K.L.:
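The structure's right below; bear with me while I get my questions together.
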Protein chains: 2
Amino acid sequence: MTTAKSGRRKGASESRQEILEAARALFAEHGYQRTTIRLIAEHAGVDPSLVIYFFASKEHLFAAAMPEPSEAALAAPKLMAALPRAEAAQAIGRRILEAVNSPGASNVLGIIRAASSKPEAVAQLREVFVSRMMLPMITELGLSRPKERAVLLSSIVTGMTFVHEMLDIKTEWPTLDETAELELIAKAIELVLTVDLD
Amino acid sequence: MTTAKSGRRKGASESRQEILEAARALFAEHGYQRTTIRLIAEHAGVDPSLVIYFFASKEHLFAAAMPEPSEAALAAPKLMAALPRAEAAQAIGRRILEAVNSPGASNVLGIIRAASSKPEAVAQLREVFVSRMMLPMITELGLSRPKERAVLLSSIVTGMTFVHEMLDIKTEWPTLDETAELELIAKAIELVLTVDLD
DNA sequence: ATCCAAATTAAACAGCCGTTCAATTAATGA
DNA sequence: TCATTAATTGAACGGCTGTTTAATTTGGAT
């Protein structure tokens, strides 16, 4: 019995997908530079050179691992279009906070960390985050100056996420009233959606 | 004439300070990992080993190079205490925006980039940014729930800075109305300062 | 004048990184 | 069946990193 060390494995291979998932998680958690190919390979249970075999380079892997906007985020605007503005603002606020605070799919923080650690990814980030998540929400509501509002909404969500997760406010200041904060963020979003910009 | 290559230089040495300034600028611009000791040394016009000689390690240098809150930021709260709340909110908003948009002393972005690229710096960041900049402003105004408001104010400023500088909105979407945005940010700050959190 | 400490550099070290190469095994199609 | 392609590994390479060591020059105190 010779222990088969190298060579192709039996059955269909899921390595490519596993590498992609490991890369997504690790890039989001540690940023670009700190996420080594060796670490990705380890999490995917494969050899580092297999990562290069599938994705040619770390750059290409990073591009392929860019997080997509979640289905909830893409489906939200159509739901919101039917509601009155004040209610829509509250609903959007709640949905954004859910997405930000959900443990698994906190891809907003991943996007932020990726962009701050890799300037070349900024254009990609703007496309995904501002243009595909925020702008559709706002244009669907038929508001004036959609670009301005999209940028402002992105600012609020980004700041929220950054301060919350990155500064680890919760564990450091446990006295913070979470519901009060949620309420205020909703009001800020409502302000962005209802303020007269002309 | 032997070209004196090594050994102490004549006159008083400013190398330590020059290293510190180069480090501050480079950490703010490129984050922790991308800023190499060799790069800092080059900008300071010294040998890389001199950086270690003065600061013992890159970690210590980073700690020593942490940006301090500007004098304007520290002086602001006393000025604001005298004004009515709505006016104070507008004034604080303008001052924050000036600090964020000023080309030289844009240390807010530096703080953000440092923290996102080096998780160990997060505690230091929270101390400088939230506790020493935002909290004094708010407690001086005698508002309720100062910690909540400080966190929220930090969120807004952080998000503003991040989206503006990091995503390079200006050069990409030149149609954005800058004054309208400034107006709205002031309103958001006013909201944070005036909203009833109880 | 002399001695020690401070400042400075050049050279080198070990460690990690992304990537490449060659070898090996399994699936696939002619 | 047999040649080709895909999947996989281990080993290695060259480059960059933070850091150390030794040597050299100056400043300051005795």
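Each chain gets a letter, A, B and so on, in the order its sequence line appears, and its residues count up from 1. Quick caveat: nothing in here was measured; it's all calculated off a predicted structure.
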K.L.:
Whole angstroms only, please: what is the CZ-P distance between B/Arg34 and C/dC17?
P.N.:
16 Å
K.L.:
I need the CZ-P distance between A/Phe55 and D/dA7, as an integer number of Å.
P.N.:
11 Å
K.L.:
Is A/Asp47 close to A/Tyr53 at the side-chain level, that is, under 4.5 Å between some pair of heavy atoms?
P.N.:
no
K.L.:
Where the side chain of B/Pro48 is defined as all heavy atoms beyond and including C-beta, which of C/dT19, D/dT19, C/dT9 is the nearest nucleotide?
P.N.:
D/dT19
K.L.:
Name the closest nucleotide to the A/Arg8 side chain, picking from D/dG18, D/dT25, C/dA26.
P.N.:
C/dA26
K.L.:
Mind calculating the distance between CG (A/Leu50) and C1' (C/dT24) to the nearest angstrom?
P.N.:
14 Å
K.L.:
May I ask you to decide if the ring planes of B/Phe27 and B/Phe62 are parallel, tilted or perpendicular, using 30° and 60° as cut-offs?
P.N.:
perpendicular
K.L.:
If you compare every side-chain N and O of A/Ser13 against the phosphate oxygens of D/dT8 (OP1, OP2), does one of them come in below 4.0 Å?
P.N.:
yes
K.L.:
Can you tell me how far P of C/dA10 sits from OH of B/Tyr53, to the nearest Å?
P.N.:
17 Å
K.L.:
Would you mind telling me which residue lines up with the more 5' stretch of DNA chain D, B/Lys10 or B/Ala56, judged by nearest nucleotide?
P.N.:
B/Ala56
K.L.:
When all nucleic acid strands are considered with a 4.0 Å heavy-atom cut-off, which category describes A/Phe54: base, sugar-phosphate, or nothing?
P.N.:
sugar-phosphate
K.L.:
For A/Asp47 and D/dG10, what is the distance between atoms CG and P respectively, to the nearest whole Å?
P.N.:
6 Å
K.L.:
NZ/A/Lys58 to CD/A/Gln33 distance, rounded to the nearest 0.5 angstrom?
P.N.:
6.5 Å
K.L.:
Checking contacts here: which listed nucleotide (C/dT20, C/dG18, C/dT24) is nearest the side-chain heavy atoms of A/Ser6?
P.N.:
C/dT24
K.L.:
Is there side-chain contact between A/Glu21 and A/Glu14, with at least one heavy-atom pair below 4.5 Å?
P.N.:
no
K.L.:
Between B/Arg38 (CZ) and C/dC13 (C1'), how many Å, whole number?
P.N.:
11 Å
K.L.:
Round to a whole Å and report the spacing from CZ of B/Phe62 to P of D/dG18.
P.N.:
13 Å
K.L.:
Given that B/Thr36 and B/Gly7 both sit by DNA chain D, which one's nearest nucleotide is further toward the 5' end?
P.N.:
B/Thr36
K.L.:
Testing the basics here: between B/Leu50 and B/Ser15, what is the closest heavy-atom pair and its distance to 0.1 Å?
P.N.:
CD2-CB, 4.0 Å
K.L.:
Please determine whether a side-chain nitrogen or oxygen atom of B/Ser15 lies at a distance below 4.0 Å from atom OP1 or OP2 of C/dT8.
P.N.:
yes
K.L.:
Hey, does the side-chain of B/Ser57 have a donor or acceptor N/O within less than 3.5 Å of a partner on the base of D/dG18?
P.N.:
no
K.L.:
Whole angstrom is fine here: how far is it from CZ in A/Arg9 over to C1' in D/dT8?
P.N.:
6 Å
